[in-house]
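Below you'll find the structure, written out as structure tokens, and then a few comments.
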Number of protein chains: 2
Amino acid sequence: MATQVEPRPRDRNPLTKERVLQAAVELADRGGLEVLTMRNLARELGAEAMSLYYHVANKEAVLDGVLDVVMGEINEAVSKVDGPAAGEDWKTLMRARILAAREVLLGHRWAPRVIETRTSISPATMRYFDEVLGVLRSGGFSYDLAHHAMHALGSRALGFTQELFEPENSHEGDEDIAGAMAEMADHFPHLTGMMIEVAHDDPDSTLGWCDDQFEFEFGLDLILAGLDGLRKTG
Amino acid sequence: MATQVEPRPRDRNPLTKERVLQAAVELADRGGLEVLTMRNLARELGAEAMSLYYHVANKEAVLDGVLDVVMGEINEAVSKVDGPAAGEDWKTLMRARILAAREVLLGHRWAPRVIETRTSISPATMRYFDEVLGVLRSGGFSYDLAHHAMHALGSRALGFTQELFEPENSHEGDEDIAGAMAEMADHFPHLTGMMIEVAHDDPDSTLGWCDDQFEFEFGLDLILAGLDGLRKTG
DNA sequence: ACCTGAACACCGTTCAAGT
DNA sequence: ACCTGAACACCGTTCAAGT
């Protein structure tokens with residue numbers, strides 16, 4: 001009769017808070033936020049959902065935790081730009097740091113939505129914004145102006161913006177596209193005018209034509225330039 | 001034996017899509033997004049949850065619908081500023097319109113979170129952004145620059161920004177506040193420095209001291225000024 | 001100390017059935 | 001045409017119980 005020869009891998013790899021959070025990040029990366037359920041997360045770890053509660057208080061704690069992991073990655077990424085950009089002016093440094101943070105967030109597309117729902121700020125997030133404030137201060141900002149500056153940047157300071165028009169490619173009724181265009185031109189003359197011009201300049205891209213990265217940098221540079229002006233005059 | 005004398009009010013007030021959506025908006029206004037469930041919504045209307053599905057496809061359709069109601073309110077509100085602000089420059093007009101939109105959103109605090117999750121844009125939203133584009137065009141913006149401008153404004157064009165630090169007033173361990181402050185000063189020197197200065201200037205408000213409306217207008221004016229500069233030069 | 005089974009109170013939704 | 005009851009496949013979570 002064969003007895004247990006090997007302990008199951010699980011036995012040598014007990015659950016920890018860190019393993020739970022790491023698995024949660026990977027699960028969200030792979031399947032998005034809606035597949036990140038306690039039951040799925042447990043299955044991922046070869047355990048039962050209820051076992052998770054020994055290591056995390058509840059699902060809110062999981063969400064706090066995965067965000068902390070991401071913010072840790074961001075802090076690590078931005079720390080690497082601090083050295084090379086040491087002698088630079090505040091604007092160049094801030095820009096490089098924010099784009100580095102954005103790079104990390106692009107690897108965790110679900111993270112902004114978690115940020116939005118957080119009710120408290122983790123130490124890692126505090127550290128990030130403390131450093132943002134530090135960069136502003138080193139550029140000569142008063143606390144008061146720096147405070148407004150951080151609000152003005154908002155989520156852009158972390159490398160993301162609220163996208164209002166996610167393409168998601170509907171294309172429901174491709175056939176009556178001419179009629180739809182005509183009706184659209186009636187109701188939304190400016191938007192159609194813009195799209196016509198875009199289609200004319202670059203016939204390949206009628207929709208899904210927005211370059212997110214370009215637009216992010218455009219808006220970021222606009223705000224940074226504006227803040228730099230206020231710094232000098234006020 | 002008493003027979004039915006009066007028809008129940010429900011009989012004279014059958015469900016319609018409009019009634020469902022109106023009730024959904026009121027429910028969310030009262031209890032927030034998490035109480036807006038199909039079952040609660042049905043109870044609100046004196047019906048069963050399953051009855052709703054005769055009038056709306058599913059919950060996504062309800063969310064699309066409530067946002068459409070809000071966007072309708074916004075379009076109505078901004079249309080009232082168009083008249084008085086007729087002769088104004090684009091920046092003044094845009095500012096007034098956006099602040100009017102914000103006013104509406106402040107009455108539906110849950111709306112931004114619904115906006116973020118929408119996958120398609122309703123006609124009412126299209127109309128709003130068509131008019132935003134119209135204002136930019138009337139100010140002399142090229143389609144190209146106007147397009148970047150709309151991205152730069154982002155959700156600010158609708159009157160809201162992603163708040164990163166909702167106060168929510170934790171105040172967990174009020175007793176050891178001095179020790180906590182000291183430790184915080186170690187880890188987050190700039191943030192504590194800022195808070196100390198704020199507390200010094202205005203001793204009443206240690207936390208919850210951010211004036212959302214002021215910060216919104218500050219950021220908005222910064223962007224509008226920046227865009228106006230680009231409009232003139234390029 | 002660490003994990004689990006059964007159970008509870010919710011979700012959104014389908015489908016056949018009522019009037 | 002309009003509404004509903006019963007049922008399904010999910011949630012997060014508690015609690016007593018296992019090792």
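This is a predicted model, so every value here is computed, not measured. Hydrogens, waters and symmetry mates play no part in the numbers below; they use all other heavy atoms, side chains included.
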Point to revise | Separation of atom CG in A:Asp64 from atom C1' in D:dG12, rounded to whole Å | key: 16 Å
Exercise for review: Answer whether the closest heavy-atom distance between the side chains of A:Ile196 and B:Tyr143 falls below 4.5 Å.
Suggested key: no
Exercise for review: For the residue pair B:Met194 and A:Met150, establish whether any side-chain heavy-atom pair is separated by less than 4.5 Å.
Suggested key: yes
Exercise for review: Measure the distance from CG on B:Asn40 to C1' on C:dA9 and round it to the nearest whole Å.
Suggested key: 13 Å
Check your understanding: Side chains of A:Glu18 and A:Gln22: is there a donor and an acceptor less than 3.5 Å apart?
Key -> no
Exercise for review: Just call it for B:Thr37: base, sugar-phosphate, or nothing, with non-hydrogen atoms closer than 4.0 Å on any strand.
Suggested key: sugar-phosphate
Revision key, fill the gap. Taken to the nearest whole Å, NE2/A:His55 to P/C:dT4 is 10 Å
Point to revise | Test side chain to side chain contact (heavy atoms under 4.5 Å, CB included) applied to B:Leu105 and B:Arg102, step by step | key: CA-CA 5 Å; B:Leu105 283 183; B:Arg102 177 175 174 80; 5.5 Å; no
Exercise for review: Measure the distance from CG on A:Leu41 to C1' on D:dC11 and round it to the nearest whole Å.
Suggested key: 14 Å
Exercise for review: Kindly determine whether A:Phe214 and B:His151 satisfy ring-ring contact (aromatic ring centres under 6.0 Å, His included), including the steps that lead there.
Suggested key: CA-CA 10 Å; A:Phe214 179 91; B:His151 275 280; 9.4 Å; no
Revision key, fill the gap. For A:Leu99 and A:Leu220, the nearest pair of non-hydrogen atoms, with its separation, is CD2-CD2, 4.3 Å
**Study point:** Check against side chain to side chain donor-acceptor pair (under 3.5 Å), A:His108 and A:Glu73
**Key:** CA-CA 11 Å; A:His108 306 292; A:Glu73 287 180 31; 2.9 Å; yes
Check your understanding: Paired stems touching DNA chain D, three or more consecutive Watson-Crick or G-U pairs with both distances under 3.5 Å?
Key -> C:4-8 with D:12-16, C:12-16 with D:4-8
What does the list of N/O pairs under 3.5 Å between the protein and nucleotides 13-17 of chain D look like, with a distance for each?
from, atom 1, to, atom 2, distance (Å)
D:dT13, OP2, A:Tyr53, OH, 2.9
D:dT13, OP2, A:Lys59, N, 2.8

Practice item. For A:Tyr54 and for A:Glu48, find the nucleotide of DNA chain C with the closest heavy atom, then tell me which residue's nucleotide is more 5'. Key: A:Tyr54
Exercise for review: Test A:Glu131 against B:His190 for side chain to side chain donor-acceptor pair (under 3.5 Å), laying out the working first.
Suggested key: CA-CA 8 Å; A:Glu131 292 180 2; B:His190 304 105; over 6 Å; no
